[in-house]
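The block underneath contains the structure these notes are about, expressed in structure tokens.
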Amino acid sequence: MSNEHTPLLAHGVCGLSADNAVCGIGESEGTGEASTPNAVPRKLNTFFGVMVPTVLSMFSIVLFLRTGFVVGHAGLLQGLVMLLVAYTIISLTILSICAISTNGAVQGGGAYFMISRSLGPEFGGSIGLMFFLAKVCACGVYVLGLVEALLDIFGQDPASSSALRVLPQGYWYTVLYSSIVLLLVLTVCLVGAHIFARTSFLILLVVTISLLSIYISPLALTTPLKFLITHQGPGNHTLTYNASYTGFNVTTLKDNLGSGYTVDYSTGKVMSFATVFAVMFTSCTGIMAGANMSGELKNPSAAIPKGTIIAVLYTFIVYVLLFILASSTCERTLLAQDYGFFQRINIWPPFVTIGIYCSALSAAMCSLIGASRILHALALDQLFGFPLAPAAITSRSGNPWVAVLYTWGLAQCVVFAGQLNAIAGLVTVFYLLAYAAVDLACLALEWASAPNFRPTFQVFSWHTCLLGILSCLVMMFVINPVYSSASIVLLLLLLLFLHYRSPTSSWGYISQALIFHQVRKYLLMLDVRKDHVKFWRPQVLLMVANPRSSCQLINFVNQLKKGGLFVLGHVKLGDLDTLPSDPVQQQYNFWLSLVDKLGVKAFVDLTLSPSVRQGTQHLLRITGLGGMKPNTLVLGFYDSCTPEDYFLQDPAFCESKGSGGDDFGVDLPSLQAHFPPVRHVESPRWLTPEEYVGIISDAIKMSKNVCLGRYFFQLQGEGMETKTDGAARIIDVWPLNLLQPSSMSAASVDVCSLFLLQMACVLNMASRWRHARMRIFLCVEAESSDQGWVVKEETYRELLRKLRIRASIKIVPWDSVVQLYGQKQTQDPELEGLTKPAQALSEDFLSAVNRMLMEHSAEAAVRFLYLPRPPAHSSQSQKYLSQLEAVTYGLGPTLLIHGLTPVTCTEL
């Protein structure tokens, strides 16, 4: 397929084998650098690529520096509740991650890739950018935590005589130290993810040894310990606290069971369940660390579920044991006033110090690498255009070094917050929103019931997805309603930006699957047997021979449809038996691109047939589905006028407007070349008068209303960019059959007349015609003795009142015109015994009718005329068309209408 790969999918299908390129680190168009698809093999297995980075990210800074903070403020019971809530949320999200990642090949970009390929570019791009920001903020949190740990050991303290405390403290010093640490992290990340993956195992060993030392220490330190803790309070006052380590003690455990929220000494603010949970949840934000390394994994579809689940179970057990250990051995004052208390109660404090530095540094590097991979994937997909284009550049080894620099710059901005706890809430909200999006992606795939959604991981359902979404959203607003609202607003703005930027991809759109699912369900509910005249609306099939000469009529009918079905129909002449393939299928993209260019809300239906008449019959029968089928056929007028080329008039079809195409393989030159030039005077006609009139007759036999549009190339102000409300426009309606004066009785209001009124009223309700004036013309014989025209006028006024139609009635005396009617009345011998006597209207009568219309409707923007029923015999077709042409000659935009459907209702 020629259009299989779009600009949004510049890299090929990855993940099919272990030898494929790291997705998202392949060819980069326009960057000046490129790597071949097989230049960077996938190197990492489940343990090194998923488990190790996930465990390190989830331990991060909370493990060593915020365990006491959580237990000291919330107590053991609320701390375990927080842990259960947090792990329930991430467990539900993990089920969704596993389902999506096992439903196909996962490429570079991790969570972004999974969301974008599931929900489409709009959701994928916006959520991907939000997840990128979450990773950036998390990197800043880990760096600030590391600096906090450094200052606890090496920061200057007047109350301490230690020679190690040489580093000055203060806000700007914290920013300086954070920048130095971040520069170190940047250096490692520029070397490459595979180097970090190799060293991360050593880091995990160090962290594990530190953890073991923490678990063993209470067994070795059996005697209670007393500590004196000092903090800098408000007004440069020094606050002193006496704290104790009791060892395993039942009394200590009981005292620490309940909550005891107090002032956080690092921020000076009183803590609550929400603020403590926000800090604790940062320990749960690493579940996608393995998924973000998907581009480097040998088999991401198997490694991501297995490695993530094992890592989460392991960290959960570790945290539960730590919470119990801390609450059983340390008084609340020690827990709440010294976040690094593990160093005080360890058999060898450097164990904990080394563990803190290693875990914080590895988590920061993991976040920076993960964020840069997401940004690189966004740049390759070209969702945000030029601003992110440089992030697609990679080194020869495949490392996206420009994306790393982008991420480092933003993380540098984050460290200006100065305190870990100050931005923990924002990080948590961003992550919860990203997790909710992953659950939404899985829920949408499940609800769409697409046959190709067959994940090998089956431990999930739409219930788990929905519960995951709700729990994420609820906890977002519990933590910080302001941050939550702002993040959702930012997400919606990104959605709107990508929607209006209209990126197109070959990923597939989950919205299309969901729409199909819902439309099918509602179409089945749309029962034609329950149709009622009160809710009638025009459902139009407009037959188009060549759009070059029909664009104005297409735009006009788009205004006339009143929210109903609008289908552009076209008949391609040919016989499928003599052709190697169906030529119609290749034309749909051109017609759909035409619809996009014109900005009309229309479907397209094409058919192949030996004749236009037979093809129109096909379309009238099969177009639409269920209760959405055309009830009105619109045709252009059959005359000898030379049509104008609309493509030469509309800037949308000119080269100067740009010819970049519509991302569906149809550019402007191709669109122009596909539709042939307009017909010239000497060009042969594809349609004979007999066939044209036969189409009208067929439609009437099939109980379809018929409209013939003439001179609509003269109609102005119907283009997509026109902002008119129709205030200067006039709609004229001639509801009576002008070619049969004898049928105009005093109270003649037939179905066709009412249909004309309804269609004019529908047009008057359209956006570009809502302020147009509507006039109804009644032709009367003013010189008649019975004065029946007075009754006719009153009848119409009462009718308009009942139908709630705002229009003025104009009385037109046409005695002189009626006198010319019936001067020549002959019967065609060929029709003897077949039809009723045909009325041969004189040219004088037709000219008089035309002059009357010209006199009274010259200033109208559009005219609605009564279309007589066509003759039953084809030999009268030319005469029928000649009469219509003579009556409407030179009028301007005119719609001849023959209505069969009752469309008006005076009841509630």
Side-chain angles (χ1 to χ4, degrees), residues 540 542-560 566 568-572 587 590-591 593-600 602 604 612 634-657 659 666 668-689 692 707-722 724 726 728-729 731 763 768-769 850 853-854 857-865 881-882 884-896:
V540 182
L542 172 61
M543 297 302 300
V544 180
N546 189 348
R548 287 180 176 270
S549 58
S550 306
C551 288
Q552 290 96 330
L553 183 57
I554 294 173
N555 286 322
F556 176 77
V557 175
N558 186 58
Q559 293 287 308
L560 194 63
F566 181 23
L568 298 182
H570 175 74
V571 178
K572 174 76 173 176
Q587 297 186 17
F590 294 98
W591 282 85
S593 296
L594 172 74
V595 168
D596 293 338
K597 284 283 186 185
L598 293 175
V600 297
V604 173
V612 176
V634 180
L635 303 171
F637 197 79
Y638 190 95
D639 56 20
S640 57
C641 294
T642 303
E644 297 184 12
D645 193 340
Y646 184 80
F647 284 12
L648 301 179
Q649 303 173 14
D650 192 329
F653 294 93
C654 297
E655 291 287 347
S656 59
K657 190 75 173 179
S659 56
V666 179
L668 189 55
S670 300
L671 183 65
Q672 293 175 332
H674 176 75
F675 297 111
V678 295
R679 174 179 53 83
H680 297 289
V681 177
E682 60 274 7
S683 300
R685 303 290 292 266
W686 293 104
L687 196 62
T688 64
Y692 179 82
C707 302
L708 309 181
R710 190 178 192 189
Y711 293 123
F712 274 91
F713 63 87
Q714 299 177 6
L715 184 62
Q716 302 299 323
E718 290 298 297
M720 182 171 53
E721 299 178 357
T722 304
T724 180
R729 289 177 165 183
I731 303 172
L763 180 64
R768 293 173 187 164
W769 295 84
N850 177 255
L853 293 172
M854 292 281 288
S857 289
E859 58 184 350
V862 67
R863 301 144 193 85
F864 287 76
L865 302 185
L881 288 178
S882 299
L884 298 180
E885 183 175 4
V887 169
T888 58
Y889 180 76
L891 281 183
T894 302
L895 201 64
L896 292 150

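We use all heavy atoms of the structure for the numbers below, so side chains are in, but hydrogens, waters and symmetry mates are not. For this chain, numbers begin at 1 and follow the sequence in order.
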Taking R710 for its side chain and E885 for its backbone only, find out whether a donor-acceptor pair lies under 3.5 Å.
yes
If you take all heavy atoms of P547 and L594, which pair is closest and at what distance?
CB-CD2, 3.4 Å
Taking side chain to side chain contact (heavy atoms under 4.5 Å, CB included) as the criterion, tell me which of L560, N558, I554 meets it with F556.
L560
Measure across A602 and L568 and return the closest heavy-atom pair with its distance rounded to 0.1 Å.
CB-CG, 4.2 Å
Does a donor on one side chain sit under 3.5 Å from an acceptor on the other, for S857 and R863?
no
I'd like to check Q714 versus Q552 (side-chain heavy atoms, cut-off strictly below 4.5 Å). Are they in contact?
no
Do V678 and E644 come within less than 4.5 Å of each other through their side chains, counting heavy atoms only?
no
Report the relative orientation of the aromatic rings in Y692 and Y638; use parallel for angles under 30°, tilted for 30 to 60°, perpendicular for over 60°.
tilted
For the pair Y646 (side chain) and S550 (backbone), establish whether a donor and an acceptor sit closer than 3.5 Å, ignoring hydrogens and angles.
no
So CD1 of I731 and CG of L763: to nearest 0.5 Å the spacing works out to 4.0 Å
Minimum heavy-atom distance between T888 and Y711, given as atom pair plus value
O-CE1, 3.2 Å
Is the shortest side-chain heavy-atom distance between Y889 and M854 below 4.5 Å?
no
Separation between SG of C551 and CG of L715, rounded to the nearest 0.5 Å:
13.0 Å
Minimum heavy-atom distance Q716-R729, with the two atoms named:
O-NH2, 2.6 Å
Do V571 and M543 have side-chain heavy atoms sitting under 4.5 Å apart?
yes
Is there a side-chain contact between D639 and L884 (heavy atoms, below 4.5 Å)?
no
I need the W769 CH2 to Q559 CD distance, nearest 0.5 Å.
8.5 Å
Would you say T894's side chain and G892's backbone share a donor-acceptor pair under 3.5 angstrom?
yes
Mind checking the CG-CZ spacing from N546 to F647? Nearest 0.5 Å is all I need.
7.0 Å
Is the closest side-chain heavy-atom distance between L853 and L865 below 4.5 Å?
yes
Walk me through it: do F675 and V544 pass the test side-chain contact (heavy atoms from CB on, under 4.5 Å)?
CA-CA 11 Å; F675 297 111; V544 180; over 6 Å; no
Side-chain heavy atoms of F712 within contact of N555, under 4.5 Å:
no
